[in-house]
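These notes concern the structure reproduced below.
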Amino acid sequence: MPPHPDLPLLLLIALAGLYAGTQNTLAGGGSFITFPTLLLAGLNPLAANITSTIALFPNQITSALAGRRLAGGVERLSLRHLFGLSIAGGIVGALLLLNTPVSFFSRLVPWLVLFATTVFTWGSFRRKPLHAANAIPLPALATIQFLIGVYGGYFGGGIGILMLSALTIAGQQVRMATATKNVLAMAMNASAVALFVFSSQIDWYAALALSIGGIAGGFTGNWLLHRLPEKLLRGFVVLVGFALTVWLFLR
């Protein structure tokens, strides 16, 4: 086990987990908070990526369970089908991470998040409701969800924004889509965690502090999810998405 970090550093990591857990529940992108925090704590990029994935998994479980009544599928593509696609994609992505360099996918991240945020913005604020447009055929939605699962198992940054974009264009209202993406994020990361948990790269002290903060953030986010107005939720997702995009292009 790595050396015990000092208490102020543990507190900083826990606070990052609290914010990231809340952000993950409402919009996604929490790993873009935890990853640089772990780098600041002295972890190398690979260790920071794996530790963040492990540490935020309990947050994803609590977020998924707390909002499970709001989650659902899209027409004949049930939540169970989406769940299975997410697990399968997560396994493929985790295996890719263990066998290929992360630099290639890292270069794609800003473009993916920019695309997803733009699509979500268009879908959320256009005058004609998306569910009336029926914009994504179900086979395409299934393929997209599997590919997001692959990306989620490999790196995971921005998967919440990507899923919100796909689900809202497919017809889900943003509150339901938020709860659904929390369940699916848990599914795709479960497979990655199962492969990463024995890695020597994990800093368990940092992971514990991050995990405690993330669990609290999950409950905070779900409390807000049931109380914030729909328009405010959409605005928050857009704000987070474009802020992440700018940060990713600048880093």
Side-chain angles (χ1 to χ4, degrees), residues 1-2 13 16-17 20-21 24-25 28-35 37-38 43-68 71 78-106 109 112 142-160 162-163 179-219 221:
M1 185 172 286
I13 293 172
N24 265 347
T25 303
S31 60
F32 294 117
I33 304 300
T34 60
F35 185 72
T37 301
L38 291 174
L43 278 66
N44 67 64
L46 180 60
N49 187 25
I50 293 177
T51 300
S52 177
T53 300
I54 295 289
L56 287 180
F57 186 58
N59 159 256
Q60 292 167 337
I61 295 175
T62 56
S63 297
L65 292 176
R68 65 189 182 280
S78 69
L79 180 62
R80 182 178 298 180
H81 291 142
L82 291 170
F83 194 89
L85 289 166
S86 301
I87 290 179
I91 292 173
V92 173
L95 290 173
L96 281 173
L97 179 62
L98 294 175
N99 292 281
T100 59
V102 77
S103 57
F104 174 75
F105 273 85
S106 294
V109 171
L112 285 171
T143 302
I144 289 169
Q145 185 59 36
F146 174 76
L147 293 176
I148 294 174
V150 174
Y151 172 69
Y154 191 96
F155 183 69
I159 56 172
L162 290 169
M163 284 190 285
T180 303
K181 66 91 178 167
N182 288 338
V183 173
L184 301 181
M186 179 195 68
M188 65 182 62
N189 278 291
S191 48
V193 167
L195 291 173
F196 296 161
V197 72
F198 300 107
S199 171
S200 61
Q201 294 283 342
I202 301 171
D203 184 323
W204 286 106
Y205 289 119
L208 179 61
L210 196 60
S211 180
I212 291 171
I215 291 172
F219 286 111

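The figures here come from the full heavy-atom set of this structure, side chains too, leaving out hydrogens, waters and symmetry mates.
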With [X] via side chain to side chain contact (heavy atoms under 4.5 Å, CB included) - residues at least two apart:
| X | value |
| --- | --- |
| A88 | F146 |
| L147 | T143 |
| I212 | L208 |

Within-4.5 Å side-chain heavy-atom neighbours: [X] and [Y]:
| X | Y | value |
| --- | --- | --- |
| N189 | I159 | yes |
| N44 | Q201 | yes |
| L210 | T37 | no |
| L38 | D203 | no |

If I compare all heavy atoms of [X] with all of [Y], which pair ends up nearest, and what's the gap?
| X | Y | result |
| --- | --- | --- |
| W204 | V197 | CZ2-O, 3.7 Å |
| A71 | L79 | CB-CD2, 4.0 Å |
| K181 | M163 | O-CE, 3.5 Å |
| G218 | S63 | CA-OG, 3.5 Å |
| A185 | Q60 | O-OE1, 4.0 Å |
| L95 | N99 | O-ND2, 2.7 Å |

Short question: side chain of S191, backbone of M188 - any donor-acceptor pair under 3.5 Å?
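Checking the backbone N and O of M188 against the side chain of S191, a donor-acceptor pair under 3.5 Å is found.
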
Checking the side chain of T62 only, and the main-chain atoms of N59 only, is there a donor and an acceptor separated by less than 3.5 Å?
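Yes, because the side chain of T62 sits within donor-acceptor range (under 3.5 Å) of the backbone of N59.
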
Separation of [Y] [atom2] from [X] [atom1] (nearest 0.5 Å):
| X | Y | atom1 | atom2 | result |
| --- | --- | --- | --- | --- |
| F83 | T180 | CZ | OG1 | 12.5 Å |
| L65 | F219 | CG | CZ | 8.5 Å |
| N49 | Y154 | CG | OH | 9.0 Å |
| I50 | S200 | CD1 | OG | 8.0 Å |

